[in-house]
Trainee: 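Here it is, the structure in full.
Just so we're clear, the structure is a prediction, and the values are computed from it rather than from any experiment. Residue indices begin at 1 and follow the sequence shown.
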Amino acid sequence: MRKVTFGGANSLDNFFARKDDSVDWLLWCKEVQELMKDYWKNIDTVVMGRRTYEVAIKMGGGAGSGPGVKTYVFSRTIKKRSNKTLTFVSEDAADYVRRLKQQKGKDICVLGGGLLAKSLFEADLIDEIGFNIHPVLLGSGIPLFYEMSRQIDLELTKCQELSNGCIVVTYNVKHM
């Protein structure tokens, strides 16, 4: 069965971005580039919500992270055509990701989307979370986590300090 991962870069007070979606506070370094390069070797599927998709397009990025990566955008409002690498999905995200998880392939990345992640956590579909925690308190912004209906227990598998002061942590989700 494929592994579903959720994560990204966040502030110490658990925001993905400022309220205007900007990420000008992110600290880049070669260590992060290497970690991300290794991470993407194991991914062939990305799932994201409409808001994350729209922010990625606005910032000049595309959906997904390169050749061979299939991206699914969950939205009840976007009515664009799908193509070989990008599919718009209007059905329940948890049901759809559950089916993706059963298919053959590499791991599945939940990109951005704290609200999408919430639904996948509550459906017990996320297997691993990983964050590049930046040494900054934004005070407000786009939250990493939204209120959930139950506690999610985790097991630390990795903790690495980077030269720029960031901490990279990885946790396995203890399934119910």
Side-chain angles (χ1 to χ4, degrees), residues 1-11 13-26 28 32 36 39-40 42-103 105-134 136 138-150 152 170-171 173:
M1 186 179 312
R2 300 163 80 183
K3 179 170 61 175
V4 177
T5 64
F6 171 63
N10 61 290
S11 64
D13 53 352
N14 284 330
F15 295 106
F16 268 137
R18 297 186 191 277
K19 285 184 179 181
D20 67 357
D21 299 316
S22 67
V23 290
D24 57 324
W25 50 273
L26 289 176
W28 294 100
V32 170
M36 294 311 300
Y39 173 78
W40 284 106
N42 299 313
I43 301 295
D44 70 358
T45 304
V46 171
V47 297
M48 68 177 74
R50 174 199 52 82
R51 183 160 159 64
T52 300
Y53 172 74
E54 289 174 344
V55 169
I57 296 301
K58 181 176 142 187
M59 293 176 82
S65 195
V69 176
K70 178 77 174 159
T71 300
Y72 297 87
V73 177
F74 292 90
S75 173
R76 298 199 194 294
T77 58
I78 296 178
K79 302 298 180 199
K80 292 185 177 180
R81 278 195 169 154
S82 298
N83 60 43
K84 289 181 180 180
T85 60
L86 178 64
T87 301
F88 293 94
V89 181
S90 61
E91 65 184 88
D92 180 74
D95 290 339
Y96 200 91
V97 170
R98 187 174 289 109
R99 290 195 308 273
L100 286 175
K101 198 171 176 175
Q102 299 297 325
Q103 295 173 2
K106 294 181 180 181
D107 295 340
I108 300 167
C109 170
V110 180
L111 191 61
L115 285 172
L116 174 60
K118 172 189 171 175
S119 70
L120 300 179
F121 273 118
E122 290 183 338
D124 203 28
L125 292 169
I126 295 180
D127 303 299
E128 181 180 273
I129 63 174
F131 296 104
N132 179 1
I133 304 168
H134 289 249
V136 61
L138 293 178
S140 66
I142 309 299
L144 187 61
F145 295 105
Y146 288 84
E147 186 175 323
M148 291 188 234
S149 62
R150 65 179 177 84
I152 309 294
T170 305
Y171 293 90
V173 174

Trainee: Under 4.0 Å between a side-chain nitrogen and a carboxylate oxygen: does that hold for R150 and D124?
Mentor: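 Salt bridge flag = yes for D124 with R150.
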Trainee: Let's go through N10 and I133 carefully: what are the C-alpha distance in whole Å and the side-chain angles of both, what is the deciding distance for side chain to side chain contact (heavy atoms under 4.5 Å, CB included) to 0.1 Å, and is it a yes or a no?
Mentor: CA-CA 5 Å; N10 61 290; I133 304 168; 3.9 Å; yes
Trainee: Run the ring pair (Phe, Tyr, Trp, His ring centres under 6.0 Å) test against Y72 and tell me which residues pass, sequence neighbours left out.
Mentor: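 Here the qualifying residues are Y96.
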Trainee: Which heavy atom of A9 sits nearest to which heavy atom of L26, and what is that distance?
Mentor: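 Minimum heavy-atom contact is CB-CD2, 3.5 Å.
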Trainee: I'd like to check the ring pair (Phe, Tyr, Trp, His ring centres under 6.0 Å) partners of F15; sequence neighbours left out, ordered by chain and number.
Mentor: none
Trainee: If you round to the nearest 0.5 Å, how far is CG of L138 from CH2 of W25?
Mentor: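 Spacing of CH2 (W25) from CG (L138) equals 5.5 Å.
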Trainee: Report yes or no: does D44 contribute a side-chain atom to a donor-acceptor pair with the main-chain N or O of K106 at less than 3.5 Å?
Mentor: yes
Trainee: Please say which of T52, L144, V23 ends up in a side chain to side chain contact (heavy atoms under 4.5 Å, CB included) with F16.
Mentor: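 The single option meeting the side chain to side chain contact (heavy atoms under 4.5 Å, CB included) with F16 is L144.
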Trainee: Could you tell me whether the side chain of K118 and the main chain of E147 form a donor-acceptor pair under 3.5 Å?
Mentor: yes
Trainee: Just jot down the salt bridge (Lys or Arg N to Asp or Glu O under 4.0 Å) partners of D20, sequence neighbours excluded, or say none.
Mentor: none
Trainee: For the OG1 atom of T77 and the CZ atom of F88, what is their distance to the nearest 0.5 Å?
Mentor: 10.0 Å
Trainee: CG/D21 to CD1/I142 distance, rounded to the nearest 0.5 angstrom?
Mentor: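 With rounding to 0.5 Å, CG (D21) is 5.0 Å from CD1 (I142).
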Trainee: Mind listing the closest non-hydrogen atom pair of H134 and N132 along with its distance?
Mentor: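 For H134 versus N132, the nearest heavy atoms are CD2-O, 3.1 Å.
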Trainee: Under the criterion side chain to side chain contact (heavy atoms under 4.5 Å, CB included), which of D127, L100, T45, V47 is the partner of V4?
Mentor: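 The passing option is D127.
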Trainee: Where do G7 and F131 come nearest, in terms of heavy atoms and distance?
Mentor: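 Reported closest heavy-atom pair: CA-CE2, 3.5 Å.
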Trainee: To the nearest 0.5 Å, what is the distance between CZ on R98 and CG on D92?
Mentor: 8.0 Å
Trainee: Would you indicate whether the side-chain heavy atoms of S119 and F74 approach each other to under 4.5 Å?
Mentor: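 They are not in contact (no side-chain heavy atoms under 4.5 Å apart), so the answer is no.
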Trainee: For the CD atom of E91 and the CZ atom of R99, what is their distance to the nearest 0.5 Å?
Mentor: 4.5 Å
Trainee: Give me the atom names and distance for the closest heavy-atom approach of E128 to V173.
Mentor: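 Scanning both residues completely, I find the closest heavy atoms to be N-CG2, 4.0 Å.
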Trainee: Given L116 and R51, is the side chain to side chain contact (heavy atoms under 4.5 Å, CB included) satisfied, shown in steps?
Mentor: CA-CA 10 Å; L116 174 60; R51 183 160 159 64; over 6 Å; no
Trainee: With distance as the sole test, does R50 use its side chain to make a donor-acceptor pair with the main-chain N or O of I78 at under 3.5 Å?
Mentor: no
Trainee: Below 30° counts as parallel, above 60° as perpendicular, anything between as tilted: where do the rings of F145 and F121 land?
Mentor: tilted
Trainee: What closest approach, in Å, do A94 and L125 show between heavy atoms, and which atom pair accounts for it?
Mentor: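 Looking at all heavy atoms of both residues, the closest pair is O-CD1, 3.2 Å.
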Trainee: Indicate the atoms forming the closest heavy-atom contact of M1 with Q102, along with that distance.
Mentor: CE-NE2, 3.4 Å
Trainee: To the nearest 0.5 Å, what is the distance between CD1 on I108 and NZ on K101?
Mentor: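 So the CD1 of I108 and the NZ of K101 are separated by 7.5 Å.
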Trainee: Is D107 reaching over with its side chain to a backbone N or O of I43, donor-acceptor style, under 3.5 angstrom?
Mentor: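 No, D107 side chain to I43 backbone: no donor-acceptor pair under 3.5 Å.
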